[in-house]
Amino acid sequence: MSASDRELVKERAVLLRTFDEFDAELAAVEARVVDGGSPAAAVARTADAARIRDAWRAAPDPTDLLLDPSPVGWFTAQLAQARVCLPAGPEEGFGPDASGRYPAPCLFDPHHGPANVSALWQPSPGLLPRPVLCCAEDAALLTEGKAPRTRLFPTSKGPRPLWECDGDIHVWWLLGHFTLAGWDRLAAVLAHTAPIFSLNRVMTHQGAGMK
Ligand SMILES: [Zn+2]
């Protein structure tokens, strides 16, 4: 097997593990919708997310999703919209405020509580700290000098946080989760991290093409 073939096999294996993570993410939201009394709007959104997921699972070649990862943004946008239909609870509270604005999801994991606390965060030892909006639990950890509870993605080097992943898939995943809250703070928060070039490119040129 040539070096490039080996790379391809590795890339495909990572992608299939990523698919499994997306399946688990959908299943977790579906379970919360059931726990929340299955509001019709939330059920409709998770059904849409499942259809989008089924399409990439049914593709003849899984790596098709690398050529056009925009369905991942549609998938997480449905999950974000499902969550705001749920009744308020300890990890919820995602409804709009009096001015109609939705709170951002926690940068460390959008499935945490709403990001309504600001904390100082250093993505890696070589990068300047920057203010980040996150859930109250992660803000408390950061204030104590501890690591936030971070969602990890499969990579060829093992599980890594979003800011150490440079694939467009991760950027679409993030943008979909920020559908309701808006994207305006993301580039500043992720400045100089691995996905920043992809983030700027997708936000500038490709995000408008979401269909
Ligand atoms: Zn959090």
Side-chain angles (χ1 to χ4, degrees), residues 18 20-33 35-36 42 45-46 49 72-73 75-97 101-125 127-155 158-167 169-196 199 203:
T18 305
D20 292 343
E21 288 291 323
F22 293 156
D23 286 350
E25 188 178 358
L26 171 61
V29 175
E30 284 172 337
R32 291 171 78 162
V33 169
D35 288 347
R45 291 302 187 177
T46 49
V72 177
F75 171 75
T76 50
Q78 305 308 318
L79 298 185
Q81 291 173 87
R83 294 192 61 198
V84 301
C85 304
L86 297 177
E91 291 261 299
E92 305 297 343
F94 275 88
D97 64 17
R101 288 179 66 88
Y102 285 89
C106 179
L107 184 77
F108 303 113
D109 185 340
H111 297 289
H112 292 168
N116 44 23
V117 186
S118 185
L120 207 54
W121 170 59
Q122 190 177 18
S124 69
L127 294 179
L128 275 175
R130 65 278 316 266
V132 61
L133 277 174
C134 59
C135 71
E137 290 85 348
D138 282 326
L141 288 170
L142 287 168
T143 304
E144 292 169 25
K146 294 178 181 159
R149 303 163 305 152
T150 300
R151 192 173 194 90
L152 300 175
F153 293 86
T155 78
R160 291 286 187 275
L162 180 113
W163 50 92
E164 292 178 25
C165 298
D166 58 5
I169 278 187
H170 306 96
V171 163
W172 280 103
W173 180 90
L174 181 71
L175 292 176
H177 271 300
F178 276 75
T179 292
L180 291 159
W183 302 344
D184 36 317
R185 291 173 55 96
L186 290 174
V189 171
L190 293 172
H192 305 123
T193 65
I196 192 64
L199 180 70
M203 283 199 299

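First listed ligand is number 1; within each ligand, the first listed atom is number 1. FYI, the numbering just counts along the sequence from 1. Hydrogens, waters and symmetry mates are skipped; everything else that's a heavy atom, side chains included, is used.
Applying the 6.0 Å contact sphere to CZ of Arg130 captures more than 12 heavy atoms from other residues, nucleotides or ligands.
The Zn ion (ligand 1) is the vertex of the angle joining SG of Cys106 and OD2 of Asp138, which measures 110° to the nearest 10°. For the pair ND1 of His112 and SG of Cys135, the angle whose vertex sits at the Zn ion (ligand 1) is 120° to 10 degrees.
In the model, Glu137 has no side-chain atom that pairs as donor or acceptor with a side-chain atom of His112 under 3.5 Å. Side-chain contact check for Trp173 and Glu21: no donor-acceptor pair (N or O, by modelled atom type) lies under 3.5 Å.
A salt bridge between Asp109 and Arg149 is absent, with no side-chain N of the basic residue lying under 4.0 Å from a carboxylate O of the acidic one.
Taking backbone and side-chain atoms together, Cys134 has no N/O/S atom less than 2.8 Å away from the Zn ion (ligand 1).
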